[in-house]
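The residues of the chain are indexed from 1 along the displayed sequence. As the structure is a prediction and not an experimental result, all values here were calculated from the model.
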Amino acid sequence: MNVPAPAPTLSPDQADAWDALAATFGAAGIDIIAEEVHPPEQGKGRVMAVIGKAGSGKTLMLSQITKALLESGVELISPDYEGRRRKDRRSVAILAPTNKAAFVLRMRGVPATTIHRILYTPVYDPEYEKIAEWLTGTGERPVIEELSDTALDKAKAFYDVHTSIPGALATAGLRGSDFIQGWKRREDGLDVGLIDEASMLDEKQFEDLREIFPILILFGDPAQLAPVGQSGEMVFDKLAAPQRLYLNRIHRQADDSPILDLAHALADPELNFEDFESMIRSAARKDDRVVWAERVESDLMARSPVLVWRNATRIRLIHAFRTAFGAPGDALMPGEPLICDGLELPLKHRKKRIDLEARGLIKGAQVVYLGPGRKPGFSRLHVIGAEDPRLSAASIVKIEMPDHEEPFIPYAARMGSAFLHGAAVTVHKAQGSQWPQVQVFGPDISAAAWSNRSEAGVPLWKRLTYVAITRAQERLFWITKARLARPAGPLSIDDLVAKAAPLSLDVQDDQDLS
């Protein structure tokens, strides 16, 4: 006999959303209260959205729903390995649009990955697939000639803590190129999909997800910026009223965040930009988690970009950053931040594209340059937020210069991954990411306020400000003047090298793609 799981402590609006989601799952054969699952039935699909601003408890809801589904017997779909399909199996995948957004969730205990990692699945070498089946509890302990019992024990101990197949195999002394033969586009549908940062989804991504997941639950913030070209609308805006579950109560954090206080003050229709800056100055006098700063801190730019509105501002700040650190005019320095601008590979290299994208090198990915690769045009890279961050790839690096129409290109393979410099980014590109410390370039927000532009009926400066300041997890710097502080020391990659394993695609990455 199953004992009903205790319900989490939720506010009234969260409890209403929980009940609606429990009913949705129950209609599809997943009873998260009685912890029972039944085989899926055709035609039982549904899309729901949990909508709320920062601090309303969306992440708590996502975490609790994930926990309830897993405790009910629903299997977690991992991008690293997917066991054999069974007719009676129920599964869930927790997804985010970007590596950084997925990384933020994982740091909060939610086993998330990117949408792209679920669209493509790894193809394992049959010999090593036996290890994966054993680790996930669907097979017997294998006997592998190349691996000792001690190595297998290490793999099992690692998997029991981290539930990562590649990590477990790496602990046993294997590299990705040893056991992953390639990647394939997913053909079969899945079951339940929980999607964070749904305000970033465009129509095409939304339709792709609906094809894969009969039950799709979106978690989104209506105050963020909509994808470019969607007239200020998010995909959940078009859902019917019963499909939209609103979290209206703002929950105080244990540390009573002044950053969230500022974010929610923007909802006041009477608030103007000058009054908002006065609120920031007042908050900075009371709490050191808000800083009224007259200059940009160049040291912070190496790991968290300055957030701006205008491209011209972004380019000037990047140029100032490189000058401050003494970057050469014809090359990158190890430690310089980059943003992936897409993969420029022809159709015949589709497998290479899938390999790189599955490793986290997707458009918008934040990357740190580690140094040149073994062949001209290749770069060693650390992909921020990726589960296996180190790789080497053919690179086309573009550094835009003030008052120049064409960018400066220090590295240019014939084809490969395209990058822009990442010391400063637009607020649009920062959406979905968070950093411990964030610098917001106030003069640009002021320019947006003076422009009197609106998006979906809301002043543009308020939308930009809301997204920008809620990127800060711990400390917000509000920059008031176009000045750059001198760096305290040279650029370094020591913090990244200490955390990362050796390059796992070393054999296949520095190859000629012509």
* Starting at CZ of Phe321, measure out to CG of Leu300 and round the result to the nearest 0.5 Å. => 10.5 Å
* Asked: Do Ile399 and Ile409 have side-chain heavy atoms sitting under 4.5 Å apart?
  -> no
* To do: Indicate yes or no: at least one non-hydrogen side-chain atom of Leu247 is less than 4.5 angstrom from one of Val50.
  => yes
* Asked: Would you call Pro490 and Phe325 a side-chain contact if the rule is heavy atoms closer than 4.5 Å?
  -> no
* Mind checking what makes side-chain contact (heavy atoms from CB on, under 4.5 Å) contact with Thr66, not counting sequence neighbours? -> Leu62, Leu70, Ile94, Val110, Pro111, Leu194
* Counting only N and O atoms by type, is there a donor-acceptor contact under 3.5 Å from the side chain of Ser451 to the main-chain atoms of Ala448? -> yes
* Asked: Could Arg89 and Glu75 be called an ion pair, given the rule that one side-chain N must be under 4.0 Å from one carboxylate O?
  -> yes
* Find the distance between CZ (Arg244) and CE (Met48) and round it off to the nearest 0.5 Å. => 11.0 Å
* To do: Return the minimal non-hydrogen interatomic distance between Ile469 and Ile259, and the atom names on each side.
  => O-CG2, 3.3 Å
* Glu203 with Lys238: basic N within carboxylate O range, under 4.0 Å -> yes
* To do: Take Asp191 and Val92 through the test side-chain contact (heavy atoms from CB on, under 4.5 Å) and record every step on the way to the result.
  => CA-CA 6 Å; Asp191 196 352; Val92 61; over 6 Å; no
* Taking only residues two or more places apart in sequence, or in another chain, which ones meet Ile339 in a side-chain contact (heavy atoms from CB on, under 4.5 Å)? -> Gln366, Val425
* **Pro436: side-chain contact (heavy atoms from CB on, under 4.5 Å) partners, not counting sequence neighbours** => Gln473, Glu474
* Using atom types as modelled and distance alone, determine if a side-chain donor or acceptor of Lys58 lies under 3.5 Å from a backbone N or O of Gly52. => yes
* Structure fact -> Residues Val235 and Ala198: closest non-hydrogen pair is CG2-O, 4.0 Å
* Asked: Can you check whether Val467's main-chain N or O pairs, donor with acceptor, with Gln431's side chain at less than 3.5 Å?
  -> no
* Structure fact -> One should read off an interatomic distance between Arg475 CZ and Ser304 OG, to the nearest 0.5 angstrom, of 12.0 Å
* Asked: Is any side-chain heavy atom of Phe477 less than 4.5 Å from a side-chain heavy atom of Gln437?
  -> yes
* To do: Would you check if the side chain of Ser63 reaches a backbone N or O of Met61 as a donor-acceptor pair within less than 3.5 Å?
  => no
* To do: Would you check if Thr98 and Met200 make a side-chain contact, meaning some heavy-atom pair closer than 4.5 Å?
  => yes
* Asked: Considering only heavy atoms from C-beta outward, does the side chain of Leu381 approach that of Leu370 to under 4.5 Å?
  -> no
* Would you please test Thr426 and Leu307 for side-chain contact (heavy atoms from CB on, under 4.5 Å) and show each step? => CA-CA 6 Å; Thr426 62; Leu307 305 187; over 6 Å; no
* Asked: Taking all atoms of both residues into account, what is the closest heavy-atom pair of Leu239 and Ala49, and its distance?
  -> CD1-CB, 3.8 Å
* Begin with the C-alpha distance, continue with both residues' side-chain angles, and end with the deciding distance and a verdict on side-chain contact (heavy atoms from CB on, under 4.5 Å) for Phe236 and Leu201. => CA-CA 9 Å; Phe236 47 72; Leu201 296 178; over 6 Å; no
* **Test log, rule side-chain contact (heavy atoms from CB on, under 4.5 Å), inputs Lys53 and Tyr466** => CA-CA 10 Å; Lys53 293 184 179 180; Tyr466 178 87; 3.2 Å; yes
* Structure fact -> Between Met401 and Ile315, the two heavy atoms sitting closest are C-CG2, 3.5 Å
* Donor-acceptor contact below 3.5 Å, side chain Arg463 vs main chain Glu455 -> yes
* Contacts of type side-chain contact (heavy atoms from CB on, under 4.5 Å), residue Leu216, not counting sequence neighbours -> Val47, Ile195, Phe206, Leu209, Arg210, Phe213, Leu218
* Would a 4.5 Å heavy-atom cut-off, applied to side chains only, mark Val368 and Ile384 as touching? -> yes
* Taking all non-hydrogen atoms of both residues, which atom of Pro97 and which atom of Asp196 are closest, and how far apart? -> CD-O, 3.3 Å
* **From CG (Leu491) to CE (Met333), nearest 0.5 Å** => 5.0 Å
* **side chain to side chain donor-acceptor pair (under 3.5 Å) partners for Asp444, two or more places apart** => Arg310, Thr313
* Is the shortest side-chain N to carboxylate O distance from Asp495 to Arg303 below 4.0 Å? -> yes
* Asked: Hey, is the main chain of Thr470 close enough, under 3.5 Å, to the side chain of Gln434 for a donor-acceptor pair?
  -> yes
* Asked: Are the side chain of Glu207 and the backbone of Lys204 linked by a donor-acceptor contact shorter than 3.5 Å?
  -> no
* Does the pair His421 and Glu336 meet the rule for a side chain to side chain donor-acceptor pair (under 3.5 Å), with working shown? -> CA-CA 8 Å; His421 206 277; Glu336 290 198 62; 2.6 Å; yes
* Structure fact -> For Ser392 and Gly373, the nearest pair of non-hydrogen atoms, with its separation, is OG-CA, 4.3 Å
* Please round to the nearest 0.5 Å and tell me the distance separating atom CG of Leu361 and atom SG of Cys340. => 4.5 Å
* Rounded to the nearest 0.5 Å, what separation is found between the OG atom of Ser199 and the CD1 atom of Ile51? -> 10.5 Å
* Structure fact -> Across all chains, not counting sequence neighbours, the salt bridge (Lys or Arg N to Asp or Glu O under 4.0 Å) partners of Lys67 are none
* To do: Would you confirm whether Gln243, through its side chain, and Ala240, through its main-chain N or O, come within 3.5 Å as a donor-acceptor pair?
  => yes
* Do Ile65 and Leu21 touch side chain to side chain, with heavy atoms closer than 4.5 Å? -> yes
* To do: For Arg322 and Ala327, indicate whether the former's side chain and the latter's backbone hold a donor-acceptor pair under 3.5 Å.
  => no
* Asked: Under the 3.5 angstrom rule, does the side chain of Arg380 hit a backbone N or O of Pro372 as a donor-acceptor pair?
  -> yes
